[in-house]
Amino acid sequence: MAHQAPARAGADQRERTADRELRRRATAVIPGGMYGHQSAGPLPPEYPQFMRNGRGARVWDADGNCYIDLMCSYGPVVLGHQHPKVEEAAKAQAELADCQNGPAPVMVDLAELLVATVRHADWAMLAKNGTDATTMCCTIARAQTGRSRILVARGAYHGAAPWCTPRPAGVTPQDRANLGYYTYNDLDSARQAAGEAGEDLAGVLVSPFKHDAGYDQELVDPGFARGLRELCDATGAALILDDVRCGFRLHLGSSWEPVGVDPDLSAWSKAIANGHPLAAVLGGDRFRDGARRVFVTGSFWFSAVPMAAAIATITALRDEGAIEAMQRAGTALRDGIVAQAAAWKLEVNYTGPVQMPYLTFVGDADHVLASVFAAEAVRHGAYVHPRHNWFVSAAMTPQDIDRVLAATDLAFAAVRERLDC
Ligand SMILES: Cc1ncc(COP(=O)(O)O)c(C=O)c1O
C-alpha cells in the first residue's frame, strides 16, 4: 500500500528576511539580480539565493536556515565544507603569500602530485575555472595537430565561453565554426563526425559519463570509450576528457581509469581543491610540445593558496578513503530514495554514479514534479536540485542521510498529493 500523506508543514516556516533584502539590493546593482548557474531565479521560491556558511555536509543560508548539502557548490566541495586539513594548508600558505610576481614552490609540488596521481598525466598546467581548462585543452590539441575541428557531444556542457555556452545570447556562428557534433555513447555518430572533419580533426572532447543538466544520466559504454580512443589513435586527434565535474569524485585518478581508457588531455576543476578556485589541464608527452607553445595565463592563475589547498585535498581524498565514503553515503541515499518512491507508488529514474545522482519522475518532461519534490525537500532542509545532478560529499554521515531521507519522504508526499489532486 502506498504511504499515507504525513502531516506536512503548512506554510514555509523558514525565515527569509535577509535573503529577500539581499535580492532587492542585488536587483539594483547586478544584472538580472544574479546570473549563471547559481542564480536562484529559475528555481522554486523555497530556494534561498544567498548562502552564509558551511561545515561538513551542512550549509546555512543568509537567514541562518540549515540544509544538508547535496549540491556541494555544484561540485567543488568533495570532502565537506571547511575540511580542517585543507583549510589549515590554505591558511599556512596565505600567511606566506598568495598572489606574487612568480608562482610559489607549491606549484611544482602540486604538478608532481597530479602527475603521480593521474595515470595519463606526464605534465600539468594550472588555471582557475573549468572553462579555462576545457578551452586550453582545445587550444593545445589545435596547436599540437595544426588542425581546427573539435568534436563535442550534442547537449554536453563544457563551460560558459562563447564556443561552448549553452545560451545563444552574444554568440556568433564564427565562435562555433570549428566544432562538430556526435551523440554520446553512439560511436557511429562520432565516426561520422570525424569523417566530416577529415584532415582537419584536432580532437574529440568527451565527458566521463553523460550528465547533461535536466536529463536522466547515462554511464559511459566502455566500448564507446575504447572506440573514441581508437578513432583518435587512427587520426592523430587528441582524445580530451572533460573531468571538470566528475574528477576526484568518482576515482582518485582520471574518471576513465576504471574504464581502462586514457585520454591525451584532460580538464579538471571543481573538486580539485575542495572549493578553492583552481583548474588543471593534464596531458601526456605526445601533447607536451603543443602545451609548451600556447600562450595561456591569467592574473590569478598562479595564486598559491588554492594550490596548497589542492595538495591537502588530494592527500585527504587518498588518506581518508573519501571516494569509498562517498560511495557508501551515495548508496545509502539511493537505496533510501528509491524505496521511498516505490512506497509512494511514484515512478522515478535515479541515474548516474551514486556520488553524482539525479532524480526524475517518469513522464515529467517539464520538471514540474521534480520542482515540487525539490522545493519540498529544501523546505525541510535537504538542498537538492530539480534540473541538475546532485553531489554527495565525503562528509555525509549516516545522521545526515537520515535527515535527507526524512525530508525526501515529505517531498515524495507532496508529489503524490500533486498527482492525486
Ligand atoms: C563538465 C563540465 N565542464 C566544464 C565546466 C565549466 O567549469 P567552470 O564553471 O568552472 O568554468 C563545468 C561546470 O559545471 C562542467 O560541469
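What you are looking at is a predicted structure, and each value in this text was computed from that prediction instead of being measured. Every number for a ligand or one of its atoms is a count from 1 in the order of the listing. The chain is numbered in sequence order, starting from 1.
- In terms of modelled atom types and a separation under 3.5 Å, the side chain of Lys128 and the main chain of Gly298 share no donor-acceptor contact.
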- [ ] With side-chain hydrogen bond (donor to acceptor under 3.5 Å, both in side chains) as the test, would you mind laying out the steps for Asp243 and Ser266 before giving the verdict?
- [x] CA-CA 6 Å; Asp243 230 334; Ser266 55; over 6 Å; no
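- Close to ligand 1: Lys270, with a non-hydrogen atom less than 4.0 angstrom away.
- Among protein heavy atoms, atom 11 (O) of ligand 1 sits closest to Thr131 OG1, 2.5 Å.
- No N or O atom of Asp132 sits closer than 3.5 Å to an N or O atom of ligand 1.
- Counting heavy atoms closer than 4.0 Å to ligand 1, residue His37 contributes nothing at all.
- With Tyr358 as the aromatic partner, Arg387 does not meet the cation-pi criteria of under 6.0 angstrom to the ring centre and within 45 degrees of the ring axis.
- Among residues two or more places apart in sequence or in another chain, the ring-ring contact (aromatic ring centres under 6.0 Å, His included) test is passed with Tyr350 by none.
- Residue Arg245 has at least one nitrogen or oxygen atom sitting less than 3.5 Å from a nitrogen or oxygen atom of ligand 1, judged on distance alone.
- For Ser269, no nitrogen or oxygen atom sits less than 3.5 Å from a nitrogen or oxygen atom of ligand 1, counting backbone and side chain alike.
- Using a cutoff of 4.0 Å between basic side-chain nitrogens and carboxylate oxygens, Arg286 and Asp264 are scored as salt-bridged.
- Protein heavy atom at the shortest distance from atom 8 (P) of ligand 1 is Gly130 N, 3.3 Å.
- Counting heavy atoms under 4.0 Å from ligand 1, residue Tyr74 does not touch it at all.
- Ring pair Phe224/Tyr182 is tilted by interplanar angle, where 30° to 60° counts as tilted.
- In this structure, the side chain to side chain contact (heavy atoms under 4.5 Å, CB included) partners of Ala57, at least two apart in sequence or on a different chain, are Ser393, Ala395, Met396, Asp400.
- Judged by distance alone, the side chain of Thr183 and the main-chain N or O of Ser189 form no donor-acceptor pair under 3.5 Å.
- With a heavy-atom cut-off of 4.0 Å, Val244 touches ligand 1 through its side chain alone.
- Taking every heavy atom of His211 and a limit of under 4.0 angstrom, the matching atoms of ligand 1 come to 1 (C).
- When hydrogens are left out, the protein atom nearest atom 3 (N) of ligand 1 is Asp242 OD2, 2.7 Å; that is the closest non-hydrogen contact.
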